[in-house]
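Read through the structure below, which is laid out as structure tokens, and then see the notes.
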Amino acid sequence: MLESTIIEIDGIFVGTAIVLTNVVGRRFYATHDSVRALHNVVLPDLSSLRRRVASLFRAAARPAP
């Protein structure tokens, strides 16, 4: 691991974006159950990873109709 960045959504720690050797982009390490589906997903940059994680987190928080 070369570097990691904590990802918080709405003040809640949901995981870490990790830069690895020989991997282009950032790998997501999920720590919150609502974003487990993205665990180990690699996206090209930190901003796209944050957006995707936030979208999944907020969708899980919405009440079912």
(request) Could you pull out the closest heavy-atom pair between Ala17 and Ile7, with the gap in Å? (result) CB-CD1, 3.9 Å
(message) Enumerate the ring pair (Phe, Tyr, Trp, His ring centres under 6.0 Å) contacts for residues 42-62, please, sequence neighbours excluded, ordered by first and then second residue.
(response) His32-Phe57
(message) With a 4.5 Å cut-off on side-chain heavy-atom distances among I, L, V, M, F, W and Y, is there a chain of contacts connecting Ile18 to Val23?
(response) yes
(request) Say whether Val41 and Ile9 are linked into one hydrophobic cluster, either directly or through other cluster members, by side-chain heavy-atom distances under 4.5 angstrom. (result) yes
(message) For Arg50, give me all partners under side chain to side chain donor-acceptor pair (under 3.5 Å), at least two apart in sequence or on another chain.
(response) none
(message) Under the salt bridge (charged side-chain N to carboxylate O under 4.0 Å, His left out) definition, can you give me all pairs with a residue in residues 3-23, not counting sequence neighbours?
(response) Glu3-Arg26, Asp10-Arg58
(request) Please answer whether the main-chain N or O of Thr5 pairs with a side-chain N or O of Thr16 as donor and acceptor at a distance below 3.5 Å. (result) no
(message) Run the side chain to side chain donor-acceptor pair (under 3.5 Å) test against Ser48 and tell me which residues pass, sequence neighbours left out.
(response) Asp45
(message) Under 4.5 Å between side-chain heavy atoms, counting indirect links through other Ile/Leu/Val/Met/Phe/Trp/Tyr residues: same cluster for Val42 and Leu46 or not?
(response) no
(request) Mark yes when over 12 heavy atoms from residues, nucleotides or ligands other than Leu2 sit less than 6.0 Å from its CG; otherwise mark no. (result) yes
(request) Look up atom CZ in Phe28 and atom NE2 in His39, then write down how far apart they are to the nearest 0.5 Å. (result) 9.0 Å
(request) Tell me who clusters with Val24, hydrophobic residues only, linked when side chains sit under 4.5 Å apart either directly or through other members. (result) none
(request) With sequence neighbours excluded, give me every salt bridge (charged side-chain N to carboxylate O under 4.0 Å, His left out) pair touching residues 30-41. (result) Asp33-Arg36
(message) With clusters defined by side-chain heavy atoms of hydrophobic residues (ILVMFWY) lying less than 4.5 Å apart, directly or transitively, does Val35 cluster with Phe13?
(response) no
